[in-house]
Novice: 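Can you read through this structure? Questions will come right after.
Per chain, numbering begins at 1; letters A, B, ... match sequence-line order.
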2 protein chains.
Amino acid sequence: MKLTISDLAKMTGLAKSTISGVLNNKDGFSEKTRQKVLKAAEQYGYVPNEIARGLSTKYTKTIGLVIKDITNPFYSKLTKGVQEVAGEYGYTVFLCSSFEDHRTEKEQIQAMLSRRVDGLIVAPLLEEVTFDHLFDLKAKSVPFVLLGSVPGLDSSYVEFDDYDGGRQVTEHLLERGHRSIGFAAGLPTSRASRERLRACRDVLSARGLVLRTEFTFEGAQELVDGVEIGRKLIAMKERPSALICFDDVVALGVVKAFQSEGLRIPEDMSLIGFDDIDLMIFPLTTVFIPTYEAGKALARTLFGRIFGGPDTPPQRIVFDEKLVVRQSVRTVTN
Amino acid sequence: MKLTISDLAKMTGLAKSTISGVLNNKDGFSEKTRQKVLKAAEQYGYVPNEIARGLSTKYTKTIGLVIKDITNPFYSKLTKGVQEVAGEYGYTVFLCSSFEDHRTEKEQIQAMLSRRVDGLIVAPLLEEVTFDHLFDLKAKSVPFVLLGSVPGLDSSYVEFDDYDGGRQVTEHLLERGHRSIGFAAGLPTSRASRERLRACRDVLSARGLVLRTEFTFEGAQELVDGVEIGRKLIAMKERPSALICFDDVVALGVVKAFQSEGLRIPEDMSLIGFDDIDLMIFPLTTVFIPTYEAGKALARTLFGRIFGGPDTPPQRIVFDEKLVVRQSVRTVTN
DNA sequence: CAGAAAAATTGAACCGGTTCAAATTAGTTA
DNA sequence: TAACTAATTTGAACCGGTTCAATTTTTCTG
């Protein structure tokens, strides 16, 4: 059915190796045969089989991207960045989603490896015990770059200064006079969330304040989680004057809950998010995170390693986070 | 470096074919050798090379997904659906974005073919002249499913009843008393947009009304496009009483523009979108489109064809669109 | 316990490319 | 034109699996 290099060889009366050579632009072929081959390939619509090529060259021109959820603007924008750079290099990307499940993450990585990707970009779930699969990658010297560093693993990574983002946000709230602050944290598997929470606690305690447990929520990930947290807050007799949300999506959920009860942000509670997603129309004070740029950086770093060989020193890239003040935080005057 | 089947053969003293057979769960092997092979594979961490396997079996356990822009919730949700079903089948998906460029779309498809994907899901750009690449797929009998039918091409597809969606929306506006309606259409390459626009015109003209050219916009795709259209509308001395937007993202842009000028929806203009995206917190009247389900259906249909062979009759699946009335359309009383 | 049948294992060819040393052809030079 | 060099072209091995007819081993039967 499909035309192979041997077919072309037969048709042109040349050797397989000649066809291969010409098609790969190697020199040492007469102009005559070169044309003959090219014409035949063109005429019969020859499509090289990258699978076969990959088998001998060891390069599949393929990279794997393992993220948590493509539906989240954070990851879709990052993915776009990765794709764009990959395209420049003639690479195609396998998209895998861990769906926030650790076992799935491992399986996906395994699937990528068995498909012999030239490299991997992984946004790993943070699970205390089991980074074995990532250490394995290093041991097998598979080129890979992580989104977010993993303790003890000396690898390339791209990350955001989430601790500083958490700091900026908390200080901003303090400056605006807030003393009672709540925190809607993400899943415990999110490094970013942990860092932001840690920073928040640090900044507060430096002022002699604490994050009260009843104002601290966990596992906020999707819009509905934000809605639920919003509802809980509304139901409380006493509310924090401001809530820091793990990301804009969760913040949107909180806004939705408040709006549906006729409450207003920031009048009834101040709100802050992270990511600065494009689809935001609510004037949410948030933290800009260069996800698109990070996606590109991840891909560039990976290609650096793929083409640079196993001795390429690990790259660490940290992007700054930047507070974007809009109108969801009010000034508290006592 | 990497362990191969021949390595295992040497280590166990068995033949390559034995290793292969056991690893593929073929029967006809004694329990003793079976264990021996399995143990060795486990112990030395053997990872099968799907590339090599693909070369002989012709199955790469890989499908290609060509969409327009992963950043758009419509496509990211659809992608999630595709991924989920693919995962069930042990398949991995190549994600490609055409970035709304026809040449890129062709190149991406070509790239997928050269990587010998077992099948393709394509959300094709609608360009009058050149569907050749899709007809080619059929000619080469590559399994593929389209998102949206292509005129003259007898292939499997999954689509939404966009015409009916456009009808519902327009009739809803008419019922609410609107007579002066605007339309922010998507890119001319969008089938959905065309259908909706056509339906809108049809319904209006059945009532003796027309879509005025100055109220008809084209090329709305991202949030910023919506913002721009919103600004233009605000600047007009006379505005339509309602605007139908190609999708929720564009509608959000319009909302944003209005809000930033202190104007309100629906008081100052009614607004309707399409998609019913999750991230919507504005009470936008919109049309629900089951993108996630469609993604699953696309994948299922594709696997039906992949496993069913070339004689599998083309499947056509049409999902209904359903108006979701919220609060962005006011009732006009003359 | 020989002989036949059944079960288990093997070896070689193949998938569609790449690679490179060896062979062939063309071009120079004396 | 013979001899030598440079330019082309080729053939065989290899990449890591799968497949299946042929062979070897085991088990069963009379």
Side-chain angles (χ1 to χ4, degrees), chain A residues 1-38 40-41 44-62 90 110-118 140, chain B residues 1-38 40-41 44-62 90 110-111 113-118 140 142:
Chain A
M1 187 89 271
K2 274 261 159 53
L3 208 61
T4 75
I5 236 177
S6 313
D7 296 332
L8 285 183
K10 237 166 273 160
M11 302 171 120
T12 56
L14 294 164
K16 265 174 74 177
S17 49
T18 306
I19 311 288
S20 170
V22 170
L23 256 27
N24 286 48
N25 276 315
K26 313 242 158 172
D27 42 30
F29 295 99
S30 69
E31 197 48 34
K32 206 183 66 194
T33 47
R34 186 178 294 280
Q35 288 310 324
K36 192 178 346 181
V37 172
L38 260 24
Y44 299 109
Y46 169 72
V47 178
N49 184 331
E50 288 289 345
I51 293 292
R53 188 199 300 250
L55 191 57
S56 35
T57 61
K58 308 294 176 192
Y59 283 98
T60 54
K61 287 191 169 188
T62 277
Q110 199 58 26
M112 302 288 89
L113 290 183
S114 67
R115 279 166 181 85
R116 294 296 189 272
V117 291
D118 293 346
K140 289 182 181 157
Chain B
M1 187 89 273
K2 276 262 160 52
L3 208 60
T4 75
I5 236 177
S6 314
D7 297 332
L8 284 182
K10 237 167 271 161
M11 302 171 121
T12 57
L14 294 164
K16 266 174 72 177
S17 48
T18 307
I19 311 288
S20 170
V22 169
L23 256 26
N24 285 50
N25 277 316
K26 313 242 156 168
D27 41 31
F29 295 97
S30 70
E31 196 50 31
K32 207 183 65 189
T33 46
R34 186 178 293 280
Q35 288 310 322
K36 194 180 346 186
V37 172
L38 259 24
Y44 299 109
Y46 169 73
V47 178
N49 184 331
E50 288 287 348
I51 293 293
R53 186 197 302 246
L55 190 56
S56 34
T57 61
K58 308 292 176 195
Y59 282 98
T60 54
K61 288 192 170 187
T62 277
Q110 198 59 22
L113 290 183
S114 69
R115 281 168 179 85
R116 294 296 187 272
V117 292
D118 292 345
K140 289 182 183 159
V142 174

Novice: Quick one: is D:dT18 close enough that its OP1 or OP2 comes under 4.0 Å of any side-chain N or O from B:Asn24?
Specialist: yes
Novice: Between B:Thr18 and C:dA8, does any side-chain N or O lie under 4.0 Å from OP1 or OP2?
Specialist: no
Novice: Check the distance between C:dT25's C1' and A:Lys32's NZ and give it to me in whole angstrom.
Specialist: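 Spelled out: NZ on A:Lys32 to C1' on C:dT25 is 10 Å.
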Novice: C:dG17, D:dT18, C:dG11: which one has an atom nearest the side-chain heavy atoms of B:Lys16?
Specialist: D:dT18
Novice: Rounded to whole Å, how long is the line connecting atom CG of B:Asp27 with atom P of D:dT19?
Specialist: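 B:Asp27 atom CG is separated from D:dT19 atom P by 13 Å.
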Novice: Which nucleotide in the set C:dG11, C:dG17, D:dG16 lies at the smallest distance from any side-chain heavy atom of B:Ala15?
Specialist: C:dG11
Novice: Indicate the atoms forming the closest heavy-atom contact of A:Phe29 with A:Thr33, along with that distance.
Specialist: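 The pair with the smallest heavy-atom distance is CB-OG1, 4.2 Å.
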Novice: Please check the phosphate of C:dC15 (OP1 and OP2 only) for any side-chain N or O of B:Tyr59 closer than 4.0 Å.
Specialist: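 Result: no.
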Novice: Starting at CZ of A:Arg34 and ending at C1' of D:dT8, how long is that distance when rounded to a whole Å?
Specialist: 11 Å
Novice: Testing A:Thr4, A:Leu3, A:Leu8 for side chain to side chain contact (heavy atoms under 4.5 Å, CB included) with A:Ser6, which one passes?
Specialist: A:Thr4
Novice: May I ask you to evaluate whether B:Ser30 reaches the phosphate of C:dA8, defined as a side-chain N or O under 4.0 Å from OP1 or OP2?
Specialist: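 The answer is no; no side-chain N or O of B:Ser30 sits under 4.0 Å from OP1 or OP2.
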Novice: For D:dT18, take OP1 and OP2 only and decide whether either is under 4.0 Å from a side-chain N or O of B:Thr57.
Specialist: no
Novice: A:Phe29 side chain: which of C:dG16, C:dT19, D:dT9 is closest?
Specialist: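 Among C:dG16, C:dT19, D:dT9, the one nearest the side chain of A:Phe29 is D:dT9.
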Novice: What is the nucleic acid contact for B:Lys26, judged by heavy atoms within less than 4.0 Å: base, sugar-phosphate only, or nothing?
Specialist: sugar-phosphate
Novice: Among C:dG17, D:dT19, D:dG16, which is the nearest nucleotide to the side chain of A:Tyr46?
Specialist: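 Of the options given, the side chain of A:Tyr46 lies nearest C:dG17.
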Novice: Could you measure the distance from the CD atom of B:Glu50 to the CE atom of A:Met112? Nearest 0.5 Å is fine.
Specialist: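 Going from CD on B:Glu50 over to CE on A:Met112, the span is 10.0 Å.
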Novice: Whole-Å distance between C:dG16 C1' and B:Arg116 CZ?
Specialist: 9 Å
Novice: A:Leu55 side chain: which of C:dG16, D:dT19, D:dT9 is closest?
Specialist: C:dG16
Novice: Between atom CD1 in A:Ile19 and atom P in D:dT10, what is the gap in whole Å?
Specialist: 9 Å
Novice: Rounded to whole angstrom units, what separation is found between the CD atom of B:Glu50 and the C1' atom of C:dC15?
Specialist: 15 Å
Novice: Closest approach to the side chain of A:Lys58, judged atom by atom: which nucleotide of C:dG16, D:dC15, D:dT19 is it?
Specialist: D:dC15
Novice: For B:Arg53, is there any backbone N or O sitting under 3.5 Å from a side-chain donor or acceptor partner on B:Thr57?
Specialist: yes
Novice: Is there side-chain contact between A:Asn49 and B:Arg116, with at least one heavy-atom pair below 4.5 Å?
Specialist: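 Result yes, sub-4.5 Å side-chain heavy-atom pair found.
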Novice: Between C:dG11, C:dG17, D:dG16, spot the one nearest the side chain of B:Ser17, thanks.
Specialist: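 Closest nucleotide to the B:Ser17 side chain: C:dG11.
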Novice: Between B:Gln35 and B:Glu31, is any pair of side-chain heavy atoms under 4.5 Å apart?
Specialist: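 When only atoms from C-beta onward are counted, B:Glu31 and B:Gln35 do touch, with a gap below 4.5 Å.
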Novice: At under 4.0 Å between heavy atoms, what does A:Thr33 touch on the DNA or RNA strands: base, sugar-phosphate, or nothing?
Specialist: sugar-phosphate
Novice: Rounded to whole Å, how long is the line connecting atom CG of A:Leu14 with atom P of C:dA23?
Specialist: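 Atom-to-atom, A:Leu14 to C:dA23, this comes out as 20 Å.
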Novice: Whole-Å distance between D:dG16 C1' and A:Ile51 CD1?
Specialist: 13 Å
